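Beneath this line is the structure, given in structure tokens, with notes to follow.
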Protein chains: 2
Amino acid sequence: MKHPTILDVAHEAGVSKSLVSLVIRGSDRVSASSRRTVLEAADKLGYRPNAAARTMVRQRSYVIGVLVSNLHNPFFADVIDGIDMTATDAGYRSILTTGNRVAERERLAVGTLLEMRVDGLILVSPAFHKDFAIEVSRSVPTVVIGKATRAASVDSVTNDDRRGAAIVVDHLVELGHSRIAHIDGGAGAGSQPRRTGYKRSMRSHGLETEIRSVPGGFTEEGGSTGMQNLLAKGPPPTAVFVANDLAAIGVLKVLRSEGLSVPGDISLVGYDNTAMAASHRLGLTTVDQPRHDMGRTATGLIVSRIDQESTPASHVVLSPKLVVRESTAPPYSLTYPSQRSRQ
Amino acid sequence: MKHPTILDVAHEAGVSKSLVSLVIRGSDRVSASSRRTVLEAADKLGYRPNAAARTMVRQRSYVIGVLVSNLHNPFFADVIDGIDMTATDAGYRSILTTGNRVAERERLAVGTLLEMRVDGLILVSPAFHKDFAIEVSRSVPTVVIGKATRAASVDSVTNDDRRGAAIVVDHLVELGHSRIAHIDGGAGAGSQPRRTGYKRSMRSHGLETEIRSVPGGFTEEGGSTGMQNLLAKGPPPTAVFVANDLAAIGVLKVLRSEGLSVPGDISLVGYDNTAMAASHRLGLTTVDQPRHDMGRTATGLIVSRIDQESTPASHVVLSPKLVVRESTAPPYSLTYPSQRSRQ
DNA sequence: CCGGTGGGTTGGAACGTTCCAACCATCAAG
DNA sequence: CTTGATGGTTGGAACGTTCCAACCCACCGG
């Protein structure tokens, strides 16, 4: 249970601690013979280097700390995977902590990471105020994923939600839709840019008169009530763009219970490309955020900032892409032009 | 960017490093006045203790390392949450690493944790061979979650899958079912105990002649093909117990396309109580594993093992519980006794 | 045979803490 | 006035590494 040290190995191998250190670090200026003896001794004793001691003297831990706001959201798994791979490639290891969406616990978790003297910090959609991120960035290179930051000291990697919304509208317009409605994500993060992206894009297609955005939410229920409101007054849209996949499922339920078919009567688009969207009975057309890339670029930023400290912060915005499945099709009026009169 | 040390603080406050150390650790044998000066100085300089140095001298890191096999599975989020809370309560902090289901990467991740000299190690459904866990347990207290281990040196916390299957059968029998079939999880972990649990329980209810278990898998497709096989020959069952929720969804699709209603014609039960089971259009009756508790008890085991090393390993088996939703009901033959003759 | 060169090896210092024994006042008791 | 106790404070050693300057010993060329 007691860990052997470099000195134990040295003694066992009959050499100096320095030589053992050299061998462990893989230096090429040790003779083949002594390398072998040392390695054998280390192996025999079950030696494992002590990262704490190494961190002390090298003043570098070669560890990148990652704070994940919410492990329940499988969205982050891919981001983390991207981080992990890039970090390993760059000679770093990554460790995770989580605060479970509670700002106070997240701050604590970051504290742990800082005390461990991580060389860089990646904050994945943190719940705490961004001032805290800025404060932290003064003692260690920091990058935020998923939350826009304009700070000069902290890098950020975000997804272009406006553009994501725009490509949805493009897709629907291309199919021939014009009565395209939007059910937004309420107060949730990313809700606002998606809404404005929708509006802008509608305008740019000359469809400003068709703009119809109703409040919703990032939950199934939010989607349902949003859809009910849409159906309650005015002519029903031929396509609905919902703020996320979960809410889109809610919309789907309402449509089903109203006897409306998707995409026969109404085309439906979600957002996030969750597993649900793919595995649901009806494959949902949705927007895929480049999760893996987010992790990769964030790590890239951190690593280069570790080496050359004071470059101005970069704010990378990645573009999402559309995943077309079965929930979108040309509008009814086009497939059976005789049956309806509206353009 | 350069971290101030305890000496910097001491100098700033005009006291000795020892006193600063005392204050930082919250000792009660320092005068109120010097406590204040020290705290002010620390605050002014933005001092943060160096965990590496502390670990060195104390020979304890007060960190519990957690290896998670797969972050994509939201199942683990709750387990980790349980770990996290218990660890904090016991004065430890927890950090996570992941190997993303790849045995080699997982082993590497554990290596990182060991070099960091974590005081305890929690392995959540590791993909690597259990011999590795045993080897690791020689240098640090180790507990495995989710994978049964009989080793004397490593604790384990598992879920009683046999019992989970049994309570499903109990529930169905109580509703009046007797033709209860099972679609298993193929080669997946937990598949076998669920199957034997099903068989045993059937026998104990005197239904050995009704035992019907077909191969399936933990995927939607596995469920579908399993169900197709069940329908292909012999009288259809009145209830089906599927190895997990995802496969149950697959079963549901087949039933729908065959024009069979759930629970009208056939009752359906899943396993795992995933979000999917709750949010699906049809609320699925399923078995809930006490995820939170798994994390909690695992951490409890680790913590007590850290303090008093060489107690024999405990192997805790937790009991799952049934979550009844809309997918189960009394069999058709009972609700309309006139229409069918078979008991 | 001497000086230089260079591969291989070595001991000591340093990293930032905690722990411990020792110290210093101050004050109470004898 | 001395002794002892007590509350508060202190310096040095230790933890396990890496880094650096120094060393040793062949070996080579002059």
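Per chain, numbering begins at 1; letters A, B, ... match sequence-line order. Just the heavy atoms: all of them, side chains too, but no hydrogens, waters or symmetry mates, feed the values below. In this text, all values refer to a predicted model and were calculated from it rather than measured experimentally.
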- Task: Round to a whole Å and report the spacing from CG of A:Asn50 to P of D:dC15.
- Result: 12 Å
- Task: Enter the distance from A:Leu123:CG to A:Phe128:CZ here, rounded to the nearest 0.5 Å.
- Result: 4.5 Å
- Note on the structure: Picking from C:dT18, C:dT10, D:dG16, the nucleotide nearest the side-chain atoms of A:Thr5 would be D:dG16
- Select from B:Val57 and B:Leu22 the residue whose nearest nucleotide in DNA chain D is closer to the 5' end of that strand. B:Leu22
- Rounded to whole Å, the NZ-P distance (B:Lys17 to C:dC19) equals 12 Å
- Item | Residues A:Lys130, A:Arg150; criterion side-chain contact (heavy atoms from CB on, under 4.5 Å); working and verdict | CA-CA 10 Å; A:Lys130 67 180 171 189; A:Arg150 286 264 137 274; 5.9 Å; no
- Is the closest basic N to carboxylate O distance between A:Lys44 and A:Glu40 below 4.0 Å? no
- Query: Base, sugar-phosphate alone, or nothing: which one does B:Ser18 contact when heavy atoms must sit under 4.0 Å apart?
  - Reply: base
- Any chance the side chains of B:Ser153 and B:Ser137 put a donor and an acceptor closer than 3.5 Å? yes
- Compute whether any side-chain donor of one residue and acceptor of the other, for B:Asp160 and B:Ser319, lie under 3.5 angstrom apart. no
- Item | Selection from D:dG16, D:dC19, C:dT10 that lies nearest to any side-chain heavy atom of A:Met56 | D:dG16
- Nearest of D:dT18, C:dT18, D:dC15 to any side-chain atom of B:Ile6? C:dT18
- Evaluate the criterion side-chain contact (heavy atoms from CB on, under 4.5 Å) for residue pair B:Thr5 and B:Lys17; output intermediate values, then yes/no. CA-CA 9 Å; B:Thr5 80; B:Lys17 62 174 179 30; over 6 Å; no
- d(CZ, A:Arg58; P, D:dG16) in whole Å: 19 Å
- Message: Expressed as a whole number of angstroms, how long is the span from A:Arg48:CZ to D:dT17:P?
- Response: 13 Å
- B:Tyr62 OH to C:dT17 P, straight-line distance once rounded to whole Å: 17 Å
- Item | Nucleic acid contacts of residues 28-38 of chain A, taken as heavy-atom distances under 4.0 Å to DNA chain C | A:Arg29, A:Val30, A:Ser31, A:Ser34
- Among D:dT18, C:dT9, C:dT17, the one nearest any side-chain atom of A:Leu19 is C:dT9
- Message: What is the separation between atom CG on B:Leu7 and atom C1' on C:dA14, rounded to the nearest whole Å?
- Response: 12 Å
- Task: May I ask you to verify if any side-chain N or O of B:Tyr47 is less than 4.0 angstrom from the OP1 or OP2 atom of C:dT17?
- Result: yes
- note: A:Arg60, atom CZ; D:dC19, atom C1'; distance rounded to Å ~ 15 Å
- Taking the side chain of B:Gln59 as heavy atoms from C-beta outward, which of D:dG16, C:dT17, C:dT10 is closest to it? D:dG16
- Task: State the CG-CG distance between B:Leu45 and B:Asp43, to the nearest 0.5 angstrom.
- Result: 9.0 Å
- Just to confirm, is there a sub-4.0 Å distance from OP1 or OP2 of C:dT17 to any side-chain nitrogen or oxygen of B:Ser21? no
- Note on the structure: Between CD of A:Glu115 and P of C:dT17 the distance, given in whole Å, is 10 Å
- OG of A:Ser16 to CD1 of A:Ile6, rounded to nearest 0.5 Å, is 9.0 Å
- Item | Candidate nucleotides C:dT17, D:dT17, C:dT18, ranked by approach to the side chain of B:Arg25 - the nearest | C:dT18
- Task: Take A:Ala53 and B:Gly14, find for each the nucleotide of DNA chain D with the closest heavy atom, and name the residue whose nucleotide sits nearer the 5' end.
- Result: B:Gly14
